[in-house]
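Order of the sequence lines sets the chain letters (A, B, ...), proteins ahead of strands, with each chain counted from 1.
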Amino acid sequence: MTQISLTFPDGNARDFDAGITAGEIAAGISNSLAKKAISATVNGAHWDLQWPITEDASIAIHTMKDDEQALELIRHDAAHIMARAVQEIWPDVKVTIGPVIQHGWYYDFDREEPFTPEDLAEIEAKMKEIINRRDPVTTEIWERDRAVEYYKANGEPYKVELIDAIPGDEPLRMYWHGHWQDLCRGPHLQHTGQVPGDAFKLMNVAGAYWRGDSDRAMLQRIYGVAFQSKDGLRKHLNMLEEAAKRDHRKLGREMDLFHMQEEAPGQVFWHPNGWTIYTGLQNYMRRRQHDYGYVEVNTPQVVDRKLWEASGHWDKYQENMFIVEVDEEHAREKSINALKPMNCPCHVQIYNQGLKSYRDLPLRMAEFGACNRYEPSGALHGLMRVRGFTQDDAHIFCTEDQIESETAQFLQMLSSIYKDLGFESFEIKFSTRPEVRAGSDEVWDKAEAALEAAIRSVTDDFELDPGEGAFYGPKLDFKLTDAIGREWQLGTFQADFVLPERLDATYIGEDGAKHRPVMLHRAILGSFERFLGILIENFAGKLPFWIAPRQVVVASIVSDADDYVHDVVAALKAAGVRAEADTRNEKINYKVREHSLGKVPAILAIGMKEVEDRTISMRRLGQKQSQVLSLDEVVRQLADEATPPDLK
RNA sequence: GCUGCUGUAGCUCAGAGGUAGAGCACUCCCUUGGUAAGGGAGAGGUCGAGAGUUCAAUUCUCUCCAGCAGCACCA
């Protein structure tokens, strides 16, 4: 028998017979490890305890204490157990695929009737039953023909299709959870009882296309979440509850920020409170852009299709544009226009007015560009995905040599702005040339190298995403993590060599000849609508003072204090603070509760004591204690807080 | 766009083949109360829109619209 040498995490190496399994090794170490073991890592690969090891390798045996492996296995086995439960209850349901996802798993089924919430409860109960049976998990490698025969005989056409898609040289692995079989790469747990029966939950059912293709059958997908312990599940459910509390659609109503209605789906009616945030943010961005050497422009909403044809958008996005037909009295034919879905072609039109010299570059052209896109109805989602929105858009026209310095400047601007807006950290994704692309390899080499050198001059901390670039150039995407750990992709920075060509943008170089500028498409917030949605959810409505729509309410405790209340409001307003009086005939408890729920950052309570001393009792949002201060001190302090971060 | 679900007062929701209810919010009255709901009275609805079945439809059926959860899409 051939011997192999296995190296353990502590550095010790031991010889074993080739073909030994990690399960057997665990059993050789101790009885309890044999029971507790869930899987192994063999030469970096996640390894089933039953799989033979045939060559020298490093090995680590995992138990439930190893989060990464434990969660993957629990969720993966839960997916199989769920599919088995479904087929035990409804034997004619066809199974497809069931992968592990972020907090759990899903499994797609083909079944005539839809699954109901009651069905989910029944499936969950059946799953617990299966877990309690502690059925062993076993595995075998099958011949392709045998597997195809088997699934044909069992009426599982989706599995047959999956086998056909697996490359011919890859072995087909079968897994059994008890009597129930599934085609699966593995690894899996030792037996169904290793899945914690009290730490999973079936969440919801939704439609999903077979193989993610909208031209194919719609299957029913059941989502589940699973953890190592009941506590893990509880924490996850709490997080979901917290996210629901922060939902910007709910807070938007409660704080009277905006509404949407049937007559304008996907478009926002901004109320005074919401518009205060919106314009505050826009003014801030305008100042920052100005500081970074941008010029601001504005371009038309309704633009003839000819321009969209020239830019290439008509071909690709016609279905997603709002088309406006204009039938002029004496015109031979109707003119067909589109509401602009983006600003870049219009910016090139401004660039193209008059001859440009290399001395004019880089030209940083910004627009708070109001765009309209006819998004598919199912895509709409509050402020996060709308049909009418305004981008903080800009295009930098520059020479190829300037790409690097422009990128560096942009990165600096972006991180400074995110920081001002309360997001300390973000992730960068660097996407390189896709297979189908425009532009020569030479230009791509240059663009990618410039972009990469530029990020590296700021940070080495970015993720490479090969092949995911735009067809016209490499790009950087910027992802923020919010207060409850959700990720949002916001900013983007794209190098474009194609549009200047299509729309014939040129500049005269030092050599006196015409050259093509490069266009850098860039946005920091993306759209104001979406960014405000994210901002509201990140702060759970408790926005930083300077951007809060209602900053201060001055509330009287007794009506004899009303005059002083109005004095205080006037003093705050004069100092640039958004202050309002609340002299309603209500108790102070009532007013404090109402304005706290309204997320007003500062509530100033005024009773006779304050009137006599010319003081103020200030209560800050989220604090139980109030503080008595002089009027001057309060005005000074709040005026300072009301100053936007870039003006401090 | 696709699958499933939902649409009743400003908000959150209950209800039923015989024409509609609660709490909060709103209006008025009483109350001047010291940091998260003082008391009383009142007003408020073409039950998402259209068509059909029925003596009778807000309730059942169909179509449409919008929203929600996913999927697909996102220049």
Problem set entry | Below 4.0 Å: OP1/OP2 of B/U32 and any side-chain N or O of A/S559 | no
Exercise. If you measure from the Lys or Arg side-chain nitrogens to the Asp or Glu carboxylate oxygens, is any gap between A/K479 and A/E487 under 4.0 Å?
Worked result: yes
For this session: Using a heavy-atom cut-off of under 4.0 Å over every strand shown, decide if A/L597 touches base, sugar-phosphate, or nothing.
Result: base
For this session: Write down the distance between CZ (A/R593) and C1' (B/A36), rounded to a whole number of angstrom.
Result: 6 Å
Exercise. Hey, is the side chain of A/R385 pairing donor to acceptor with the base of B/C73 inside 3.5 Å?
Worked result: yes
Exercise. Can you tell me how far P in B/G50 sits from the matching atom in B/C65, rounded to whole Å?
Worked result: 15 Å
Seminar exercise, completed: When rounded to whole Å, the CD to P distance for the pair A/E586 and B/A36 reads 15 Å
Problem set entry | Sugar-phosphate only, base, or nothing, as touched by A/K609 at under 4.0 Å among non-hydrogen atoms | base
Problem set entry | Nearest-nucleotide comparison on RNA chain B, the residue closer to the 5′ end among A/V558 and A/G378 | A/G378
For this session: List for me each residue that meets side-chain hydrogen bond (donor to acceptor under 3.5 Å, both in side chains) alongside A/K340, sequence neighbours excluded, and say none if there are none.
Result: A/T299, A/N343, A/E367
For this session: Take A/P376 and A/Q623, find for each the nucleotide of RNA chain B with the closest heavy atom, and name the residue whose nucleotide sits nearer the 5' end.
Result: A/P376
Exercise. With ring centroids as reference points, do A/F258 and A/Y278 lie under 6.0 angstrom apart?
Worked result: no
Exercise. When you measure from the centre of the six-membered ring of A/F493, is the NZ or CZ of A/R522 under 6.0 Å away and within 45° of the axis?
Worked result: no
Exercise. OP1 or OP2 of B/A36 sitting under 4.0 Å from any side-chain N/O of A/R619?
Worked result: yes
For this session: For the side chain of A/Y223, starting at C-beta, report the closest nucleotide among B/C71, B/G67, B/A69.
Result: B/C71
Problem set entry | Flag, side chain of A/E296 to backbone of A/M365, donor-acceptor distance under 3.5 Å | no
Exercise. Do we see a donor-acceptor contact under 3.5 Å between the side chains of A/D482 and A/W488?
Worked result: yes
Exercise. CH2 of A/W488 versus P of B/C74: gap in Å, rounded?
Worked result: 19 Å
Exercise. Is the distance from OP1 or OP2 of B/A69 to the nearest side-chain N or O of A/R249 less than 4.0 Å?
Worked result: yes
Problem set entry | Sequence-aligned protein contact record of nucleotides 4-12 of chain B, with B where the base is within under 4.0 Å of a protein heavy atom and S where only the sugar-phosphate is | S--B---SS
For this session: Between B/A25 and B/G1, how far apart are the C1' atoms? Round to whole Å, please.
Result: 39 Å
For this session: Would you mind classifying the nucleic acid contact of A/G312 as base, sugar-phosphate or nothing, using non-hydrogen atoms under 4.0 angstrom?
Result: nothing
For this session: Sticking with atom P, work out how far B/A51 lies from B/U6, rounded to a whole angstrom.
Result: 24 Å
For this session: Tell me what A/N320 touches on the nucleic acid: a base, only sugar-phosphate, or nothing, going by heavy atoms under 4.0 Å.
Result: base
For this session: With sequence neighbours left out, write down each residue that passes side chain to side chain contact (heavy atoms under 4.5 Å, CB included) with A/E122, or none if nothing qualifies.
Result: A/I89, A/W90, A/D119
Problem set entry | Spacing of the P atoms in B/A72 and B/A16 (rounded, Å) | 39 Å
For this session: Give A/P265 one of three labels, base, sugar-phosphate or nothing, depending on what nucleic acid heavy atoms sit under 4.0 Å from its own.
Result: sugar-phosphate
Exercise. Nearest to the side chain of A/M342, which nucleotide is it out of B/A75, B/C71, B/G70?
Worked result: B/A75
Exercise. Contact class for A/E610 (heavy atom, under 4.0 Å): base, sugar-phosphate, or nothing?
Worked result: base
Exercise. If only atom types and distance count, is the side chain of A/R578 paired as donor or acceptor with the main-chain N or O of A/A548 below 3.5 Å?
Worked result: yes
Exercise. So is A/R111 actually on top of A/F115's ring, under 6.0 Å and inside 45° of the axis?
Worked result: yes
Exercise. Taking the same atom, C1', in B/U32 and in B/G39, what whole-Å distance lies between them?
Worked result: 14 Å
Exercise. Would you say a side-chain N or O of A/Y590 is under 4.0 Å from OP1 or OP2 of B/A25?
Worked result: yes
Problem set entry | Distance, P atom - from B/C47 to B/G21, rounded to whole angstrom | 14 Å
Exercise. If you look at every strand shown and take non-hydrogen atoms under 4.0 Å, does A/M608 touch a base, only sugar-phosphate, or nothing?
Worked result: base
Exercise. Would one find more than 12 heavy atoms of other residues, nucleotides or ligands at under 6.0 Å from atom CD of A/Q625?
Worked result: no
For this session: List in chain and number order the residues that pass side chain to side chain contact (heavy atoms under 4.5 Å, CB included) with A/R387, two or more places apart in sequence or in another chain; answer none if no residue qualifies.
Result: A/P265, A/Q267, A/F322, A/Y374, A/E375, A/S377, A/L380
For this session: State which residues pass side chain to side chain contact (heavy atoms under 4.5 Å, CB included) with A/V100; sequence neighbours excluded, sorted by chain then number.
Result: A/R75, A/H76
Problem set entry | Protein-nucleotide distance (A/D562, atom CG; B/G33, atom P), rounded to Å | 13 Å
For this session: Side chain of A/H381 only, please: which of B/A69, B/G1, B/G34 is the nearest?
Result: B/A69
Exercise. Where each pair must be Watson-Crick or G-U wobble with both distances under 3.5 Å, what dot-bracket representation of RNA chain B is obtained, with crossing pairs in [ ] and other-strand partners as |?
Worked result: (((((((..((((....[..)))).(((((.......))))).....(((((..]....))))))))))))....
Exercise. With a 3.5 Å cut-off and just heavy-atom distances, do the side chain of A/Y209 and the base of B/G1 make a donor-acceptor pair?
Worked result: yes
Exercise. Does the aromatic ring of A/Y317 sit over the six-membered base ring of B/A75, closer than 5.5 Å centre to centre and tilted less than 30°?
Worked result: yes
Seminar exercise, completed: Looking only at B/A75, B/C74, B/C26, the nucleotide nearest the A/H313 side chain is B/A75
Problem set entry | Distance, P atom - from B/C5 to B/U61, rounded to whole angstrom | 12 Å
Problem set entry | P spacing across the pair B/U53 / B/U59, given as an integer number of angstrom | 14 Å
Seminar exercise, completed: Of the listed B/C74, B/C71, B/G33, the closest approach to the A/K587 side chain comes from B/G33
